[in-house]
Chemist: 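Mind having a look at this structure? Questions to follow.
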Amino acid sequence: MKIVIAALYLMVNINVATADNILGYDKESSNVQRELEAQMDANIDAREMDEWLRHLSVLPHHAGSAAGKKNAEFIAALFESWGYTVEIAEYQVLLPTPKIREVKLLEPTQFSASLTEDSIAEDPSTSRREHLLPPYNAFSVDGEVEGELVFVNYGIPEDYELLERHGISVAGKIVIAKYGKSWRGIKPKLAGEKDAIGALIYSDPADDGYGAGDVYPKGPFKHESGIQRGSVMDMPTYPGDVLTPGRGATKNAIRLNREDAPTITKIPVLPMSYRDALPLLAAMDGEVVPAEWQGGLPITYHFGPGPARVRLKAKFNWDMVTAYNVIARLEGSRYPDEWVIRGNHHDGWNHGAADPLSGMVATLAEAKAVANLARQGHRPQRTIIYAAWDAEEPGLIGSTEWAEDHAADLKKHAVAYVNTDGTSRGFIYIGGSHVLERFFNQIIEDVDDPRSELSLKERRRAYEMIFGEDDATKTEAAERSDLRIYPLGSGSDYTPFLQHLGIASANISFSGEANGGSYHTLYDTYEHYTKWSDPGLVYGSTLAKVTGRAALRLANAPRLPFEFNGFVDNIAKYVAELQTLADEMRDSTTKTSRLIADGIYAAALDPTKTLGAPAENEPVPHFNFAPLLNALGSLQSAADDFDTAVARHQANSVEINRLLYTSERLLTRDTGLEGRPWYKHHIYAPGFYTGYGVKTIPGVREAIEQREYEKVEPQIEIAADVLNLMTERIKLLADRISHQ
Ligand SMILES: [Zn+2]
């Protein structure tokens, strides 16, 4: 009892003592820092951002295009004019562009898909089609195939389980899948693994077309001709240039032969509009799909196969192009060898106003404001590097090649990487390394929502309390003092920094109040963005205030603002999830086997329909989670020791900061994840079968999910080892801070 009271007393003291201080700063330096931030805010100019947005989105500016290169030069000139040391880092990368795209319905009726998007009078940008790439999926293999169609819903693993229950195989067929529910590259990957010969992906109007709201130009949702472009490279294996995994794609780099590049799809794939998909789906027959599979087109959807028979032809120019990364550096005044990195990509699929320019212009506004401070004598103490990446869209290529090229230096010098990309309006959305959870919570306490009197944190909390995905989330939002930052999977340029190099990272945007259907279509224009996504760029300029604080606080902190109790709390949540996952799988597997054995499925299912019982699985054994649970216990006590130490001592030193910022590296292992050694982080990875979707503690989680039972306990040992290294580091830090 006595111990508990002492602990409480101590906690109260800590809160009082540090309530107003920025993590890693004392009272005086916090005041100085907040003063600088107020000056930075005053320098962020939404009208100037609007001018840049208009200018950079005038023409399609994909990687390898003339406008893309011009945009890189324009951005470089801006940085230079503000006093940055600028370099355009060039990489030679393989980038397929479409040569032949054909989708023809051959039987029972005939139809040729247009595969093009309409210009519309209300949006002049949609008529500026100079160098416009037609809709395609980058890194589809070349191919010409003919076969019956099978409708596979979203084409994710559970959809194939249902098809199997209906006795439907996609072997030798062409699948047609809806966009959504997974990253798009998963769809041809899974279809190929199931021996399909081709894949079509279309946007169903129920998801982001007229079923979701008014379509463009009346509303922001998808025009009937809108086609989502995008990469289908196998990024969960490795992102970046397909020919140079693990090394920078410099001029003389050793390259794979294209035939040997494992991240190019195995089957040809093309994207479509719902206008083009309608005649294909209408020509299909076979059993009617379940209600959850039915989409928004005015037909009844059928599984097939056939009788719709389709020819799909996709041929590409497999050209080498130059990717232009703009790297702008502001040397730190005190610790030039410690680097804070801020990045956003500059290439877009078309005009790319939302993706990526909305984030790019916020990054520019921030960089200009930071440079202004430097000119007034407040140069950041650590080096800040602003990066405008090229070739993100085809597969995080520019950032990955730069990170691979500079891997050794980055591991040594990089303090953190903060990413932005497309942003709109609504609620602040922060994903990242959990050692930065407290740090980011303080920032969103300090920045106000532009449409209310509330802080960004209060608004986000209110959102979670009302719209949180389940009751537990809603309750937690009301009760937990810090809002959780979400774990990062993939989908933007943080991936090489976090998951390949082990650099603490974050990804920040606003969203939630501007849903629409312009993503990766011809309609992602200045007109669409400024009308529907963020009129006046008020959220864009707020984003600059958030990320500007992140960059400056990291750059100026006497002690780097890493914190471990938030980290432990999140890891504990993931470990509990893993145990629940195993328990629930065990129960449902046993139950299903019993229902099959007892003939219950046979008795319940309609004998005139094709739906059969699910496949029977091996019983799920009990796993020993003790190594992870023990590791968690030690980690918790180390994190407590660290908090006690920093509450009592203002200690900081180059050595302490180095131990802090390299702590994230300890969560990586050189050998990487099983089957995908490029991914070295053992806490965060994109799912092998979800793509962008994160898998936390991925070695263990994916072994359970994929029912590779013999791998589960070895993976638990590995995850425990990784956490134990982190525990040792935190203890060492607590010790150094207490005895400096
Ligand atoms: Zn983007």
Side-chain angles (χ1 to χ4, degrees), residues 52-53 56-57 60-65 67-68 71-72 75 93 95 133 135-139 179 183-185 208 227-233 235 239-240 271 323-326 342-364 386-403 417-425 429-432 488-498 505-511 514-526 528-529 533-534 539-540 543 547 686 691-693:
W52 294 328
L53 182 63
L56 291 167
S57 67
H61 53 96
H62 52 272
S65 68
N71 278 1
I75 290 166
V93 304
L95 188 78
L133 280 182
Y136 77 116
N137 289 127
F139 295 99
Y179 265 113
W183 176 61
R184 76 183 79 72
D208 64 356
I227 305 177
Q228 183 189 135
R229 289 150 187 77
S231 179
V232 287
M233 177 196 287
M235 279 193 267
Y324 301 98
N325 293 326
V326 183
R342 265 285 287 123
N344 197 105
H345 69 102
H346 67 76
D347 66 304
W349 274 124
N350 322 98
H351 302 79
D355 181 8
L357 296 174
S358 58
M360 189 72 245
V361 299
T363 306
L364 290 172
Y386 284 95
W389 307 117
D390 200 355
E392 187 270 359
E393 293 297 359
L396 318 181
I397 296 176
S399 57
T400 299
E401 297 316 312
W402 189 79
Y417 174 74
V418 178
N419 190 69
T420 49
D421 196 333
T423 184
S424 63
R425 71 188 149 88
Y429 212 72
I430 302 176
L488 290 173
S490 189
S492 195
D493 293 304
Y494 51 80
T495 278
F497 297 95
L498 177 64
S505 298
N507 187 51
I508 307 178
S509 64
F510 283 93
S511 66
N515 294 336
S518 68
Y519 174 69
H520 290 187
T521 71
L522 177 63
Y523 309 103
D524 180 4
T525 60
Y526 176 84
H528 189 295
Y529 187 81
S533 295
D534 185 17
Y539 279 93
L543 180 65
T547 50
Y692 286 174

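Numbering of ligands and ligand atoms starts at 1, following listing order. Remember, it's a predicted structure, so these values are computed and weren't measured experimentally.
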Chemist: Can you confirm whether Gln228 sits close enough to Tyr179 that some side-chain heavy atom of one is under 4.5 Å from a side-chain heavy atom of the other?
Modeler: yes

Chemist: Return the orientation label for the Trp402 and Phe497 ring planes: parallel under 30°, perpendicular over 60°, tilted otherwise.
Modeler: tilted

Chemist: Strictly under 6.0 Å, is that where the ring centroids of Tyr519 and Trp349 end up?
Modeler: no

Chemist: I'd like the atom name of the N/O/S atom in Asp355 lying closest to the Zn ion (ligand 1).
Modeler: OD1

Chemist: Just checking, any donor-acceptor pair under 3.5 angstrom between side chains of His345 and Asp355?
Modeler: yes

Chemist: Any N/O/S atom, backbone or side chain, of Asp421 lying under 2.8 Å from the Zn ion (ligand 1)?
Modeler: yes

Chemist: Nearest to the Zn ion (ligand 1), which N, O or S atom of His345 do we find?
Modeler: NE2

